[in-house]
Amino acid sequence: MITLDANALTNPLKEGTRTERTPEPCTMFIFGASGDLTRRKIMPSLFSLFKHRLLPAGFSVIGVSSTEWKTDDFRDAIKKALAEFVSPEAAQGPLWESFAQGLFYQTLDFRDAVSYAKLAALTQEVDQSRGTGGNHLIYLATPPSLIGDIVKNLGMVGLSKPVTPKNWTRIIIEKPFGRDYDSATQLNRTVNEYFKERQVYRIDHYLGKETVQNILVFRFANEIFEPIWNHNYIDHVQITAAETVGVEGRGAYYEEAGALRDMIQNHLLQVLSVACIEPPSSFAAESVRDEKIKVFRSIRPILPEQVGQFTVRGQYSEGVISGKRLIGYKDEPSVLKTSTTETYVACKFFIDNWRWAGVPFYVRSGKRLPKRVSEIAVTFKRIPHMLFSNTMADQHEQNVLSMRIQPDEGISLKFGAKLPGQTVRIRSVNMDFLYGSSFGSQSADAYERLILDCMLGDATLFIRNDSVEETWRLITPIHEGWKMQGDAEIPKYSAGTWGPPESDHLLERDGRKWRRL
Ligand code: BG6
C-alpha cells in the first residue's frame, strides 16, 4: 500500500495553477437541452461547480432545443434531473433556488435560421440582466447530423464571433465527430468556416478523467519510470474499457455507431496517445496536442485486407451477469433482428516510431462483459537470464504496471518476491496505490473538469481538428475491411463473457494472453 507524504500536500485546492483561476462571467448555451446528456452529465456537473463556487458571478445557462418549453419548464426539468442524478436534496433549498435563477430557455428549430434571431435577442437580454459581459460558451449536445446546420445558423446571426475584441465565444462539440474520415474532415471544414480553431473544443470525456490525466503526471513528474518507458523494456501494452451495461436504450444510435466508433476512435485512442506521447516542451495546450498528433501519425494503419489479422469484432447474445439473465443485442429496443453491429472490438496496433518500434498495443472494448473496468496495463520484458530456474521460477510472471482508470482508481505494480520458506520460490505480488485511500476525496466528474477548462480557455484536454481526422484515418479502413469480409463473419459472445474466443486468439498467436481483470 502506498501512503501519502502528509508534508507534501498542503491545501489541495490551492495546488497547481488552474484552481486559482476563476472563469470570467459568461453565458452558456446548451443545444440539446431536453436531452439525456444534459440531464445526466452537463447540468449535474454545472451544479457541482456552482456548489463549489467555481462558476463566475452571474453565470447563466440558456437551454436550447426543439421541445416547446418555457423557462419554467426547463427549470422544472433540471430540478428533476438533479434530484435523479445528484441527490433528492440537491434540487431543494437556497442553493438550488439561486442556481435556478440563472437558467433560461429558448425553443428553437435547429435547421430554421429565423429562430436563431430569437436566440440572439434572448442572449442580449441575459447578458445584460445577469451581467455576464458577453462571453459565450456554446455546448452542442445534439446528434452529429445537426452540427453543420447549427454552426452555420449561429454564424448567420453573429453568435459565432466574440461580441467585442475583449470577449470570447467558444464552442464545445460532443462526440461522435463524424462517422468516417471523409465526414469528419467535411465537418471540420464547416465548423472552421464559422469558428476559428482556437474557439473549438471537441470534447472526449475520457480525457477529463482524473486517472487519465494522472498518466501524464506519472510519466513526466517521476524520475524512475520514463527511462524504461520504451521498446527496450516494454513487451506489450493492453488497453481495456470493459462495460457490463448494454446499449441502455440507445439502440438507434448504437446501430449506426458500433463499438469501434463509439469507444475506440475516440476514448481509447486518446488514452493510448496520452500513454505514448513524447515529453512535450511545456504543459501548454498546443505543445501537448502537437505531441499527440505525432503519435496518431505514427500508428501503423490497419489496411482493409489486414482486418482478419489485426482486429476482432463480436456481438453479445443473451447471457447472465451478476445472476441476472440478459437479452441479446438483437433483442434490444430499436435494434434490427438482423443487426451485424459490433458490441465488442479488439485491435492490435503498432506505433512506428523510435520509442515504440515493435511493441504491440492490444486495445479492446465491449458491452455486456463480466465486469466494468478500464485500464492500461504495461507488461515489461522478461529478465535476460533467470537465476532461479530450478525453483518453479518458470511460473514467475512478467512485471506489469497497471493504471486503473475506473473503478477502484489507482496504479498497481506487479513484481516477483521470494515466498517465505527454506527454498527459493517466487510469487507475484502487487504494490498498490489507490486514489480512495491515499487522497480520501472523490474525484470530480470528467465533465466538470472539462467544462471549467473550456471557460478558462484551456484546450489541453480537448481534441484538435488534425487529431480527430488522424484517428478517423486509422478507423475508416477497418470498417472498410469488415465490409469486405462480409457480416456473416461477426462472432457472437454470451453476455457476461469476455468477448468472442477469436479475441483470445489475437493474443495467443503472439504467445500472449489478455489480463484477467
Ligand atoms: C460514451 C459511449 O462515450 O462512453 C458509451 O457512447 C459508453 O457507449 C460511455 O458507455 C462510457 O463512459 P464511462 O465514463 O462510463 O466509461
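Just so it is clear, the structure is predicted and the values come from calculations on it, not from any experiment. First listed ligand is number 1; within each ligand, the first listed atom is number 1. Residues take their numbers from the sequence shown, with the count starting at 1.
Judged by distance alone, with hydrogens and angles left aside, the side-chain atoms of T471 form a donor-acceptor pair with the main-chain N or O of V468 at under 3.5 Å.
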Evaluate K80 against D76 for salt bridge (charged side-chain N to carboxylate O under 4.0 Å, His left out), listing each step before the verdict.
CA-CA 6 Å; K80 283 193 196 116; D76 282 350; 6.0 Å; no
Notebook entry, point to check: Is there a ring-ring contact (aromatic ring centres under 6.0 Å, His included) between F225 and F218 once you walk through the steps?
Noted result: CA-CA 8 Å; F225 300 106; F218 180 82; 4.2 Å; yes
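Remark: ligand 1 atoms within the under-4.0 Å shell around heavy atoms of H267 are 1 (C), 3 (O), 4 (O). In summary, the atoms of ligand 1 found under 4.0 Å from a heavy atom of K367, numbered by their order in the structure, are 5 (C), 7 (C), 8 (O), 10 (O). Remark: ligand 1 atoms within the under-4.0 Å shell around heavy atoms of K175 are 1 (C), 2 (C), 3 (O), 6 (O). With ligand atoms numbered from 1 in the order given, ligand 1 contributes 13 (P), 16 (O) to contacts under 4.0 Å with heavy atoms of Q406. The ligand atoms of ligand 1 that sit less than 4.0 angstrom from a heavy atom of K209 are 13 (P), 14 (O), 16 (O).
Between F361 and W356, the ring center distance clears the sub-6.0 Å criterion.
Looking only at protein heavy atoms, the nearest one to atom 10 (O) of ligand 1 is E243 OE2, 2.5 Å. Of the protein's heavy atoms, R250 NH2, 3.0 Å lies nearest to atom 5 (C) of ligand 1. R372 NH2, 3.9 Å is the protein heavy atom nearest to atom 15 (O) of ligand 1. Among protein heavy atoms, atom 6 (O) of ligand 1 sits closest to D262 OD1, 2.6 Å. Scanning the protein heavy atoms around atom 16 (O) of ligand 1, the nearest turns out to be Y206 OH, 2.5 Å. Ranking protein heavy atoms by distance to atom 12 (O) of ligand 1, first place goes to H205 NE2, 3.2 Å.
Between F50 and F99, the two ring planes are tilted [angle within 30° to 60°]. Using cut-offs of 30° and 60° on the angle between ring planes, the pair Y316 and Y329 is perpendicular.
Residue-level proximity to ligand 1 for E248 is absent, since no heavy atom of it falls below 4.0 angstrom.
Heavy atoms from other residues, nucleotides or ligands lying under 6.0 Å from CZ of R53 number 12 at most.
Checking E174 against Y139 by side-chain atom types alone, a donor-acceptor pair falls below 3.5 Å.
A salt bridge does not link E243 to R372: none of the charged side-chain nitrogens sits closer than 4.0 Å to a carboxylate oxygen.
Distances between N or O atoms of Y254 and those of ligand 1 include no value under 3.5 Å.
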